[in-house]
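Presented below is the structure to which this report refers.
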Amino acid sequence: MRRTLLSLALVAACMPPAAKAAWRLDYDLGMGYQYSDNINLSQTDPISENVLIPSVNFSLSETGSVLRADIAGGLEYYNYLGGEFANELRTNLDADVDWTIMPERLNWVVSDHLGMEPVNLRAADTPGNMQRTNVFTTGPTLRFNLAPTLRGRTDLRYVDSYAENSRDFDSSRISAAFRAEWERSTTQQFSAGVEVQDVDFDYDNLAEDYKRRSAFVGYTHRLTDLNLNIIAGYAWLDFTRGHEASAPFVRTSLYWTITPNNRIRVAGAWEYSDAATFLAEGAGGIDEEEPGRAAIGGAMVSPDVYRERRLEASYVHESARLVATASAFNGRFRYESTLSVYTEDRDERGGFLDVGYRARPLLTFGALLNATRRHYVDSDERDTTKMYGLYVSHDLSRHWNWRADVRRLERESATGTTPTYNENQVFLRLTYRR
């Protein structure tokens with residue numbers, strides 16, 4: 001927790017004083033009630049519980065010439081009225097700040113991503129199986145001209161990763177990258193570069209330090225309604241205990257606004273990665289199933305490097321009557337080493353659907369569906385987690401809103417070796433929005 005607070009303090013300290021007053025602030029204050037007929041997610045001994053959940057959520061933004069920032073976060077206090085679990089505080093933060101020190105020459109970047117993740121991915125998401133994680137990144141970016149349409153860029157970064165329980169995850173990282181960027185036109189850019197990263201874990205007896213070197217080329221195509229990014233290259237990893245690994249990598253993303261009411265996103269990756277890199281992308285933010293609540297992520301928090309093959313897609317439709325969000329993912333994770341007791345090769349896939357119908361301008365009825373299936377390769381364990389839900393949301397005024405949810409959670413194990421359970425939930429929430 002001390003390292004998390006220090007990271008947040010550094011985010012605030014890196015704000016230029018003149019820009020502080022220009023920030024736009026939005027926030028909401030909420031009081032929630034939750035009833036669960038199986039709060040401990042047990043197959044044989046379910047315990048019912050009532051929970052009060054006061055919450056605060058906020059967003060800060062600034063798009064000036066000196067400072068560009070996007071910060072969103074919140075906290076929830078879970079008061080277990082039956083005393084089955086100790087009361088707890090859940091927090092989340094996604095902060096990205098870009099400070100222009102010298103226009104078109106020198107910038108300083110700060111980002112911090114704080115969230116809640118499971119201690120053991122196989123176990124149920126009970127209060128005892130959650131931990132706070134934080135990944136803090138900072139450093140300068142220097143830009144310079146190589147030719148009229150060719151620019152150079154150097155990035156130096158320091159990264160600190162921390163987990164509340166999985167101490168083998170804690171690390172410090174230093175990286176340096178150089179790239180050349182060629183502006184072929186106002187809509188197309190080509191790039192090429194190299195990067196070196198040194199990863200030093202706090203507890204060497206639980207994790208293996210390593211160095212990563214990579215060379216890459218990239219292509220970006222930007223239009224009013226389309227954004228395409230492709231990076232391809234080769235990476236070499238040198239571990240301190242003599243092990244080496246190398247392989248090509250590809251990362252790609254596509255954002256397409258089909259019409260003003262419809263947009264899609266597709267992203268894929270085939271590369272070496274790890275949990276800290278995944279969490280640094282902002283994996284532990286606001287819950288997409290219920291905006292305003294902290295999400296419990298699905299990362300396997302460990303120090304181990306894995307070979308990842310991942311494909312994600314999402315679609316959003318918004319009209320006067322109908323609001324729909326759909327997403328799907330498919331991932332394959334193969335670890336170079338398994339020093340952590342929880343690490344294991346796995347395949348996973350899943351999807352999410354939220355359909356809301358505005359019966360009146362201020363009244364929305366909706367349905368939720370979420371499913372994730374995991375296969376742990378070494379032990380051949382297979383489990384599927386599903387959530388079904390219905391909700392109604394009513395704006396009482398410009399500032400006040402109430403929402404009610406009913407949900408059913410199911411977890412099934414095809415092999416009988418991972419926990420199975422059923423849970424029925426009721427949520428009530430009153431929110432004041434600025």
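Excluded from the calculations below are hydrogen atoms, water molecules and symmetry mates; all remaining heavy atoms, backbone and side chain alike, are included.
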### Query
Salt-bridged, Arg411 to Asp125, with N to O below 4.0 Å?
no
### Message
Quick one, Val305 and Glu208 - any side-chain contact, counting heavy atoms below 4.5 Å?
### Response
no
### Task
Quick one: pull up CG in Asn401 and CG in Leu362 and give me the separation to the nearest 0.5 Å.
9.5 Å
### Query
Should Val323 and Thr364 be marked as a side-chain contact (heavy atoms from CB on, under 4.5 Å) after you check the CA-CA gap, both sets of side-chain angles, and the distance that decides it?
CA-CA 9 Å; Val323 179; Thr364 301; over 6 Å; no
### Message
Using side-chain heavy atoms (C-beta onward) and a distance below 4.5 Å, is Glu423 in contact with Asn40?
### Response
no
### Task
Verify the distance criterion only: is there a donor paired with an acceptor across the side chains of Tyr255 and Arg265 at less than 3.5 Å?
yes
### Task
Answer yes or no: is there a donor N or O on one side and an acceptor on the other, between the side chain of Ser61 and the main chain of Leu25, under 3.5 Å?
no
### Query
Does atom CZ of Arg309 have more than 12 heavy-atom neighbours from other groups under 6.0 Å away?
no
### Query
Between atom CG of Asn79 and atom CD of Glu88, what is the distance when rounded to the nearest 0.5 Å?
11.0 Å
### Query
How about Asp112 and Asn134: does a side-chain donor come under 3.5 Å of a side-chain acceptor?
yes
### Query
Does Tyr335 offer a backbone N or O that forms a donor-acceptor pair with the side chain of Asp345 under 3.5 Å?
yes
#### Entry: side-chain contact (heavy atoms from CB on, under 4.5 Å) between Phe58 and Ile71, intermediate numbers included
CA-CA 8 Å; Phe58 70 93; Ile71 300 175; 3.9 Å; yes
### Message
A side-chain contact here means heavy atoms from C-beta on lying under 4.5 Å apart; do Arg151 and Glu183 qualify?
### Response
no
#### Entry: Heavy atoms of other groups near Trp256 CH2, more than 12 under 6.0 Å
no
### Message
Do the side chains of Glu271 and Arg251 get close enough for a salt bridge, i.e. N-O under 4.0 angstrom?
### Response
yes
### Query
Above 12 or not: heavy atoms from other molecules or residues under 6.0 Å from CZ of Arg349?
no
### Message
Does Asp347 form a side-chain contact (heavy atoms from CB on, under 4.5 Å) with Arg334? I'd like the steps, not just the answer.
### Response
CA-CA 9 Å; Asp347 301 320; Arg334 297 295 183 267; 3.1 Å; yes
## Note on the structure
Closest heavy-atom pair, Gly351 versus Phe329, reported as atoms and distance to 0.1 Å, is N-CE2, 4.2 Å
### Message
Is any side-chain heavy atom of Asp155 closer than 4.5 Å to one of Arg179?
### Response
yes
### Query
Cut-off 3.5 Å, side chains only: do Arg132 and Thr91 have a donor facing an acceptor?
yes
### Task
Determine whether the side chains of Gln43 and Thr420 contain a donor N or O and an acceptor N or O closer than 3.5 Å.
yes
### Side-chain touch Tyr27/Val56, heavy atoms, less than 4.5 angstrom
no
#### Entry: Evaluation steps, side-chain contact (heavy atoms from CB on, under 4.5 Å), between Arg90 and Ile53
CA-CA 10 Å; Arg90 299 184 185 180; Ile53 312 172; over 6 Å; no
### Query
Do Val392 and Trp402 touch side chain to side chain, with heavy atoms closer than 4.5 Å?
yes
### Query
Hey, does the side chain of Ser111 reach the backbone of Ala95 with a donor-acceptor pair shorter than 3.5 angstrom?
no
### Task
Decide whether Ser185 and Arg222 meet the rule of one side-chain donor and one side-chain acceptor closer than 3.5 Å.
no
### Message
Has Asp209 got a side-chain atom pairing as donor or acceptor with Phe201's backbone, closer than 3.5 angstrom?
### Response
yes
### Task
Look only at the side chain of Arg358 and the backbone of Ser319, and say whether a donor-acceptor pair between them is shorter than 3.5 Å.
yes
### Salt bridge present between Arg173 and Asp274 (N-O < 4.0 angstrom)
yes
### Task
Let me see the working for Tyr315 and Asn262 under side chain to side chain donor-acceptor pair (under 3.5 Å), right down to the final yes or no.
CA-CA 7 Å; Tyr315 167 75; Asn262 299 275; 2.4 Å; yes
### Message
Is it true that Asn129 and Thr126 share a donor-acceptor pair across their side chains at a distance under 3.5 Å?
### Response
no
### Task
For salt bridge (charged side-chain N to carboxylate O under 4.0 Å, His left out), just list the numbers for Arg263 and Glu318, CA-CA rounded to whole Å, side-chain angles, deciding distance to a tenth of an Å, and then say yes or no.
CA-CA 9 Å; Arg263 58 186 184 271; Glu318 295 183 65; 3.1 Å; yes
### Message
Give me the atom names and distance for the closest heavy-atom approach of Ala124 to Tyr421.
### Response
CB-CE2, 3.6 Å
### Task
Taking all heavy atoms of Glu49 and all of Gly83, pick out the closest pair and write down the distance.
OE2-N, 3.4 Å
### Query
So, Ser42 side chain and Thr44 main chain: donor-acceptor pair closer than 3.5 Å or not?
yes
### Query
Can you check whether Leu106 reaches Pro140 side chain to side chain, under 4.5 Å on heavy atoms?
yes
## Note on the structure
Taking every heavy atom of Leu121 against every heavy atom of Ala299, the minimum-distance pair comes out as CD1-O, 4.1 Å
### Message
I need the minimum non-hydrogen distance between Ala176 and Leu156, along with the two atoms involved.
### Response
CB-CD2, 3.5 Å
### Query
How are the rings of Phe190 and Tyr219 set relative to one another: parallel (under 30°), tilted (30 to 60°) or perpendicular (over 60°)?
tilted
#### Entry: Glu195/Arg212 ion pair, N-O < 4.0 Å
no
## Note on the structure
On a heavy-atom basis, the closest approach of Tyr391 and Val355 is OH-O, 3.9 Å
### Query
Would Arg346 and Asp383 satisfy salt bridge (charged side-chain N to carboxylate O under 4.0 Å, His left out), going step by step from the backbone distance to the final call?
CA-CA 11 Å; Arg346 70 187 188 280; Asp383 62 60; over 6 Å; no
### Query
At what distance, to the nearest 0.5 angstrom, does CD1 of Ile258 lie from CG of Asp225?
9.5 Å
### Message
Looking at Asn165, is its backbone amide N or carbonyl O close enough to the side chain of Gln131 to form a donor-acceptor pair, meaning the two atoms are under 3.5 Å apart?
### Response
yes
### Side-chain donor or acceptor of Arg321 paired with backbone N/O of Ala359 under 3.5 Å
yes
### Query
Under 3.5 Å, is there a donor-acceptor pair linking the side chains of Tyr210 and Gln197?
no
### Message
With a 3.5 Å distance limit and no angle check, can you tell me whether Asp37 reaches the backbone of Asn424 through a side-chain donor-acceptor pair?
### Response
yes
#### Entry: Distance in Å, Asp160 CG paired with Ser171 OG, rounded so as to fall on 0.5 Å steps
7.0 Å
### Task
Classify the ring geometry between Tyr306 and Phe333 as parallel (under 30°), tilted (30 to 60°) or perpendicular (over 60°).
perpendicular
### Query
Does the Thr372 side chain pair with the main chain of Glu348, one donor and one acceptor, at a distance under 3.5 Å?
no
### Query
Are any of the side-chain heavy atoms of Phe136 and Val110 separated by less than 4.5 Å?
yes
